[in-house]
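Working notes, beginning with the structure itself.
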Amino acid sequence: MDQTSDEEALEFTNFRIFEDGRIERFSGEETVPPSPESEGVRSKDIVISPESGLSARLFLPQISDPTRKLPFLVFCHGGAFCAQSPFSPLYTNHAASLAAEANILVLSVHYRRPPEHPLPIAYEDAWGAIQWATAHSDGNGPESWLNRYADFQRVFVGGASAGANIAHNVVLRAGVDGLSGPRIVGMVLFHPFFGNDKPDKLLEIIFPTCDGPNDPRANPGSDPNLGRMGCSRVLVLVAENDFLRDRGWGYYEALKKSGWSGVVEIVETEGEGHVFHLFNPESGKAQALTKRAAAFLNLA
C-alpha cells in the first residue's frame with residue numbers, strides 16, 4: 001500500500017510542501033467568476049490547449065471607439081509558482097484594474113503549477129500562451145476579442161513575483177528564438193522573484209532540472225544571453241521592505257550592463273512590502289503603482 005509522508009519540506013505563507021511532493025495550499029485557491037461588466041471591464045475564461053489544460057482569463061476594458069485597436073498585455077500571476085491563479089480574487093482584481101487604468105486588453109495566463117507540474121512547465125505554458133495569442137495577428141484566430149481589439153504591434157508581457165520571473169523568460173526566449181509577426185514592445189515586472197547565487201530550497205524542490213543557483217532561468221544576472229532580450233523597454237517595480245527588493249535592483253543593473261539596446265527603468269515604492277498593491281489596492285501607493293504601470297503600457 002502506498003504511504004505518504006507528513007514530514008514537511010518547506011512552508012510558505014500560503015502553502016506547505018511535504019517531502020513526498022504533496023502540497024497543501026492555504027490560500028489562493030478561491031475563485032471568482034468572469035464578469036460581463038465590472039467597473040467598465042468585461043472578462044471571460046478561455047481554453048488555450050485542451051490537451052494540456054492551459055487556460056486563461058481575458059479582460060477587455062470599456063470600448064469607446066470600436067475601430068481602435070488596444071495594446072495587449074500577456075500577464076503571469078504570482079504565488080511562488082505554486083499558488084494563486086488568474087481566477088483568484090487577487091489576480092482578477094489586479095488584471096481588471098490594469099485593463100481599466102491603461103485601457104488595454106489583458107490575457108492572464110493559468111500556467112500549470114508545481115510541484116504537481118515542476119518547472120520548467122510553467123515557462124513552456126507561458127510561451128505557448130503568447131504564441132497562441134499572437135497567432136491571432138492576422139485576425140483569423142479562435143478568440144474574437146483578440147481578433148477584433150488587440151494591436152499586435154503593441155504587445156507587452158508582465159508578471160508579479162514568480163510571474164515576473166516567468167514573464168522575463170518568455171521575453172528573453174522571444175529575443176533568442178524569435179516570435180513571428182507581432183512586436184513585443186515592453187515588459188513590466190511587479191516585485192520580481194529571481195534567484196541569486198545562493199541555494200534556494202523552493203527551487204530545489206519545484207525545479208528538479210535546475211542547474212543550481214546560477215541557472216539563468218532562475219537567476220538572469222548569470223545569463224550570457226541577457227542582452228538578447230526580445231523587447232525595447234522594461235519597467236521593474238520594487239518595494240523598499242520587500243525581501244526580494246535587492247534582486248529586483250540586481251536584475252535592473254544586470255540588464256543595463258548586458259549590452260541590450262533597450263531602455264530599462266526601475267521604480268521603488270517606499271515603506272511597502274512584497275506585492276502590497278494586491279492586498280491593499282485602494283491605498284494611495286497601490287493606485288500610484290498601477291498608474292505608473294499603465295503609463296508604461298501606453299508608451300508605444
Side-chain angles (χ1 to χ4, degrees), residues 4-5 7-26 28-29 49 52-54 74-86 91 109-131 157-177 187 189-226 228-229 236 242-244 246-248 250-251 254-255 274-275:
T4 59
S5 170
E7 187 175 351
E8 182 182 307
L10 186 70
E11 182 164 346
F12 262 58
T13 303
N14 52 358
F15 64 87
R16 177 189 296 125
I17 298 177
F18 297 93
E19 290 285 358
D20 61 8
R22 290 179 298 120
I23 186 169
E24 180 182 355
R25 296 180 172 96
F26 309 136
E29 296 305 285
S49 170
S52 68
L54 177 61
V74 178
F75 185 82
C76 300
H77 69 83
F81 297 102
C82 299
Q84 295 290 341
S85 78
Y91 281 101
V109 181
H110 187 36
Y111 54 84
R112 286 172 288 175
R113 303 173 303 182
E116 300 95 331
H117 304 282
L119 292 173
I121 289 175
Y123 299 142
E124 294 299 327
D125 280 351
W127 178 247
I130 195 168
Q131 287 186 304
V157 180
S161 192
N165 176 299
I166 297 171
H168 157 80
N169 278 277
V170 166
V171 178
L172 183 61
R173 185 167 176 176
V176 173
D177 294 348
M187 177 173 67
L189 306 180
F190 294 84
H191 305 172
F193 175 18
F194 292 124
N196 55 18
D197 58 2
K198 296 178 176 60
D200 187 302
K201 181 66 172 176
L202 175 65
L203 291 176
E204 289 175 2
I205 294 172
I206 68 173
F207 198 173
T209 60
C210 182
D211 291 333
N214 288 316
D215 187 301
R217 292 167 294 184
N219 183 3
S222 66
D223 193 344
N225 283 322
L226 186 59
R228 300 177 67 183
M229 186 65 64
V236 183
D242 185 358
F243 70 107
L244 294 173
D246 291 346
R247 300 185 194 186
Y251 178 82
L255 191 54
H274 190 60
V275 295

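- Put simply, the side chain of His168 reaches to within 4.5 Å of the side chain of Met229, judged on heavy atoms.
- In this structure the side chain of Leu119 never reaches within 4.5 angstrom of the side chain of Cys210, judged on heavy atoms.
- Under the 4.5 Å side-chain criterion, counting only non-hydrogen atoms from C-beta, Leu202 is in contact with Ile17.
- Considering CD of Glu24 and CZ of Phe18, their distance stands at 5.0 Å, rounded to 0.5 Å.
- Here the side chains of Trp127 and Asn169 are not in contact, with every heavy-atom distance at 4.5 Å or above.
- The shortest distance between side-chain heavy atoms of Leu189 and Tyr251 falls below 4.5 Å.
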List the steps, then state whether side-chain contact (heavy atoms from CB on, under 4.5 Å) holds for Thr13 with Phe26. CA-CA 8 Å; Thr13 303; Phe26 309 136; over 6 Å; no

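- Interatomic distance, Tyr123 OH to Phe207 CZ, rounded to the nearest 0.5 Å: 5.0 Å.
- The aromatic rings of Phe75 and Tyr91 lie tilted to each other, with the angle between the two planes from 30° to 60°.
- Taking 4.5 Å as the limit, some side-chain heavy atom of Ile205 sits within range of a side-chain heavy atom of Leu10.
- Closest approach of Pro86 and His77 over heavy atoms only: CD-CD2, 3.6 Å.
- A donor-acceptor distance shorter than 3.5 angstrom exists from the side chain of Ser222 to the backbone of Asn214, with no hydrogens or angles considered.
- Under 4.0 Å is where a charged nitrogen must lie from a carboxylate oxygen, and between Arg217 and Glu124 no such pair does.
- Between Leu54 and Val109 the shortest side-chain heavy-atom distance falls below 4.5 Å.
- Contact between Leu244 and His191 at its shortest, heavy atoms only, is CD1-O, 4.4 Å.
- In this structure, the side chain of Arg25 engages the main chain of Cys82 through a donor-acceptor pair within 3.5 Å.
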